Amino acid sequence: MRICCIGAGYVGGPTMTVIAHKCPDIRVDVVDINKARVDAWNSDNLPVFEPGLAEIVSEVRGRNLFFSNDVDAAIEAADIVFISVNTPTKTYGHGAGSASDLSFVESCARRIAEVSKSGKIVVEKSTMPVRTADVIKTILNTTGLGFQVLSNPEFLAEGTAIADLKSPDRVLIGGDEDSEEGRKAIATLSSVYERWIPAERIIKTNLWSSELSKLTANAFLAQRISSINAISALCEATGADVQQVAKAVGSDSRIGPKFLNASIGYGGSCFQKDLLNLVYLCEHFNLPEVAKYWRGVSDMNRYQKSRFSRQVVDCLFRNIMGKRLAIWGFAFKENTNDTRESPAIDICRDFLAENAKLAFYDPKVSEEQIRKDLCLTVDDPRVEFCKTPYEAAENAHAIILLTQWEEFKNLDYKRIKKAMMTPAWIFDGRNSLDHRLLLDLGFLLRGIGKGNLS
Ligand code: NAD
Ligand code: UGA
């Protein structure tokens, strides 16, 4: 069996690496039109940072895993073609700002139709609006070659991608359950995953349920974060502690403890995009009340980010002009170099609008990426890029912790306090530091939803 995956991004790269690792008899070709990205996958400096990824890539690359720009050849030789390209929010025309831009998916379907000499199983791995498989089918059916289209959305989270892929809660495969060929295609894809995933964790549905389940899962996860963030504002107003509330609430087995960490708001390439897409679909199907309900989740996220940056400005005497702020962390979460939709972007833009000086430190995000995200020129005097968190904190009025990197927990805070201006502020946007210790050292401190800090 040969597998081709179109799209060597955060999903295509790690997912195919694990498939190649678990199925040594299957040749896996990951192809992309982006030459720099493919070159990086073929180098020691992979384009994606994920714990454990580099080790597996070095084991399987050149054995049964190959990265290349030769899209056509890989499609032609494959039995199963995964489409794992980006499906960003549309920025133009009808649905701009909420609908998904499916132009990359459509061009993959056209390419498959054009170069294939035999029918294949085509798998939607990208997150798609419900009923996208119809678009792909319509294009492929023009060939008369007999393609089967499956939906197999990916549930990995960045930072834990390899662990998630090796041991997923579930694998979802949607297909045409009503036809013999459809059922056969579902069974073929399932047999790949069954090499390492127990069969009972592989859920089989019709196409539309599978496509919609992915959007719904992300919407539910984002909703939990917005719910606890909403409560965090109330905690601050009342003296309650959001972590204590989350523990008490999450101990109810009907609610569960996960995804109840109050924060500066969720980021990442998918929650916002998929929520907006869900809102768009509801509006499209004339369900305005449902659309409004889900839009509220996104509104709360925006509120949480701006509430945080406003709090920083307020605490620093409503004036941060010319003041040095140490920005600790820029990635949208820990253990990734990804900054897409990172809450750090909006928060730092707010600080720059107030003419603050920002000293950045992130262990994995490059200076170039931060400049790009904040639209900064190379000679912008308001920013500095530091090699350690200590350097960033030197002469700073405040430390703003935006990403929950483990290393921030184990620093010498006595040394840091000494090097800072007084009063020395810490704004812990992830509630990840030892607040008691910091208060004892004389820092002024704000967490998220910590109404009890003095
Ligand atoms: P990405 O932007 O990192 O990668 C997409 C890749 O596809 C890019 O390298 C791009 O060059 C390539 N591409 C685009 N059009 C192409 C074409 N016609 N031919 C060949 N290559 C093409 O995106 P990603 O983060 O990997 O996400 C991919 C999909 O998976 C999205 O739909 C996303 O919603 C979904 N998803 C992402 C995650 C995640 O954690 N990032 C998790 C689950 C699902
Ligand atoms: C999320 C989902 O968890 C994956 O299942 C899904 O496959 C993926 O989106 C996708 O479709 O792209 P990801 O965005 O990589 O994964 O990371 P998460 O761990 O979900 O974190 C998302 C954001 O929420 C981060 O900014 C994180 O810091 C924040 N978060 C998470 C909180 O603020 N509080 C929490 O309790 C959990």
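Quick caveat, the model's predicted, so the values are computed rather than measured.
The nearest pair of heavy atoms linking Ser309 to Asp350 is OG-OD2, 2.5 Å. In this structure, Lys333 and Ala157 approach most closely via the heavy-atom pair NZ-CB, 3.9 Å. Of all heavy-atom pairs between Cys348 and Leu402, the closest is SG-CD1, 4.2 Å. Between Thr127 and Lys214, the shortest heavy-atom contact is OG1-CE, 3.3 Å.
In summary, the side chains of Tyr10 and Asn337 do present a donor paired with an acceptor at a separation below 3.5 Å, with no hydrogens or angles considered. Judged purely by distance below 3.5 Å, without hydrogens or angles, the side chains of Thr377 and Asp379 pair a donor atom with an acceptor atom. Side chains of Glu341 and Ser269: no donor on one and acceptor on the other come within 3.5 Å. Asp101 and Ser103 share a side-chain donor-acceptor pair at under 3.5 Å. Between the side chains of Tyr293 and Gln223, at least one donor N or O lies within less than 3.5 Å of an accepting N or O. At a cut-off of 3.5 Å, with distance as the only test, no side-chain donor of Lys409 or Gln404 sits close to an acceptor on the other residue. Defined by atom type and a distance below 3.5 Å, a donor-acceptor pair is present between the side-chain atoms of Arg307 and Ser232. Asn301 and Ser298 are not linked by any side-chain donor-acceptor pair at a separation below 3.5 angstrom, with hydrogens and angles left out of the test. In this model, a donor atom of one side chain and an acceptor atom of the other lie less than 3.5 Å apart for Asn152 and Lys125.
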Report task. Output, in order, the C-alpha distance, side-chain angles, deciding distance and verdict of side-chain contact (heavy atoms from CB on, under 4.5 Å) for Lys166 and Lys22. Result -> CA-CA 9 Å; Lys166 283 184 172 172; Lys22 296 291 185 184; 4.2 Å; yes

Report task. Kindly determine whether Phe66 and Val28 satisfy side-chain contact (heavy atoms from CB on, under 4.5 Å), including the steps that lead there. Result -> CA-CA 6 Å; Phe66 301 88; Val28 181; over 6 Å; no

Query raised in the report: Hey, mind stepping through Phe82 and Ile6 against side-chain contact (heavy atoms from CB on, under 4.5 Å) and telling me if it holds?
Result: CA-CA 6 Å; Phe82 285 81; Ile6 312 178; over 6 Å; no

Requested in this report: Output, in order, the C-alpha distance, side-chain angles, deciding distance and verdict of side-chain contact (heavy atoms from CB on, under 4.5 Å) for Ile136 and Glu106.
Outcome: CA-CA 7 Å; Ile136 299 175; Glu106 181 179 335; over 6 Å; no

Requested in this report: Any chance you could lay out the salt bridge (charged side-chain N to carboxylate O under 4.0 Å, His left out) test for Asp32 and Arg37, step after step, and finish with the verdict?
Outcome: CA-CA 8 Å; Asp32 203 295; Arg37 214 163 207 192; 5.1 Å; no

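Rounding to the nearest 0.5 angstrom, the gap separating the CD atom in Glu384 from the CZ atom in Phe360 is 10.5 Å. For the atom pair Ser98 OG and Leu278 CG, the distance stands at 11.0 Å (nearest 0.5 Å). Of the inter-residue distances, the one linking Lys450 atom NZ with His435 atom NE2 reads 6.0 Å to the nearest 0.5 angstrom. For the atom pair CG of Asn218 and SG of Cys270, the computed distance is 6.0 Å after rounding to the nearest 0.5 Å. In this structure, OG1 on Thr17 lies 11.5 Å from CD on Glu55, to the nearest 0.5 angstrom. Here Met16 contributes atom CE and Cys5 contributes atom SG; the two are 4.0 Å apart, rounded to the nearest 0.5 Å.
For the pair Arg446 and Trp425, the cation-pi criterion (under 6.0 Å, within 45° of the ring axis) is not fulfilled. No cation-pi contact links Arg61 to Phe67, judged by a cut-off of 6.0 Å to the six-membered ring centre and 45° from its axis.
For the pair Arg201/Asp169, no side-chain contact is recorded, criterion being any heavy-atom separation below 4.5 Å from C-beta on. Between Ser126 and Val11, the closest side-chain pair of non-hydrogen atoms is not below 4.5 Å.
Below 30°, between 30° and 60°, or above 60°: for Tyr280 and His284 the angle between ring planes is below 30°, a parallel geometry.
Under the 3.5 Å distance criterion, the side-chain polar atoms of Asp362 are matched with a main-chain donor or acceptor of Ala331. Using a distance-only test at 3.5 Å, with no hydrogens or angles considered, a donor-acceptor pair links the side chain of Glu236 to the main chain of Gly449. Remark: side-chain polar atoms of Asp373 are not paired, donor with acceptor, to backbone N or O of Ile345 under 3.5 angstrom. Formation of a donor-acceptor pair under 3.5 Å by the Glu334 side chain with backbone atoms of Glu406 is not found in this model. A donor-acceptor distance shorter than 3.5 angstrom exists from the side chain of Thr132 to the backbone of Pro129, with no hydrogens or angles considered. Panel note: side chain Thr403, backbone Phe330; a donor-acceptor pair is recorded below 3.5 Å. Side-chain atoms of Ser263 come within 3.5 Å of backbone atoms of Gly265 as a donor-acceptor pair (strictly under, hydrogens ignored). One N or O on the side chain of Asp241 and one on the backbone of Gln243 form a donor-acceptor pair closer than 3.5 Å.
We find that Lys372 and Glu368 are not joined by a salt bridge, their nearest charged nitrogen and carboxylate oxygen being 4.0 Å or further apart. Under 4.0 Å is where a charged nitrogen must lie from a carboxylate oxygen, and between Glu158 and Arg340 at least one such pair does. With salt bridges taken as basic N to acidic carboxylate O contacts below 4.0 Å, none links Asp299 and Arg295. Using a cutoff of 4.0 Å between basic side-chain nitrogens and carboxylate oxygens, Arg254 and Asp252 are scored as salt-bridged. In this structure, Asp440 pairs ionically with Arg436, as a charged nitrogen and a carboxylate oxygen lie closer than 4.0 Å.
The distance between the ring centers of Phe408 and Trp328 falls below 6.0 angstrom.
Paired with Glu354 under the rule side-chain contact (heavy atoms from CB on, under 4.5 Å), one option of Leu316, Asn319, Ile320 passes, and it is Ile320. Only one option out of Leu189, Leu207, Val123, Ile203 pairs with Ile173 in a side-chain contact (heavy atoms from CB on, under 4.5 Å); it is Leu189.
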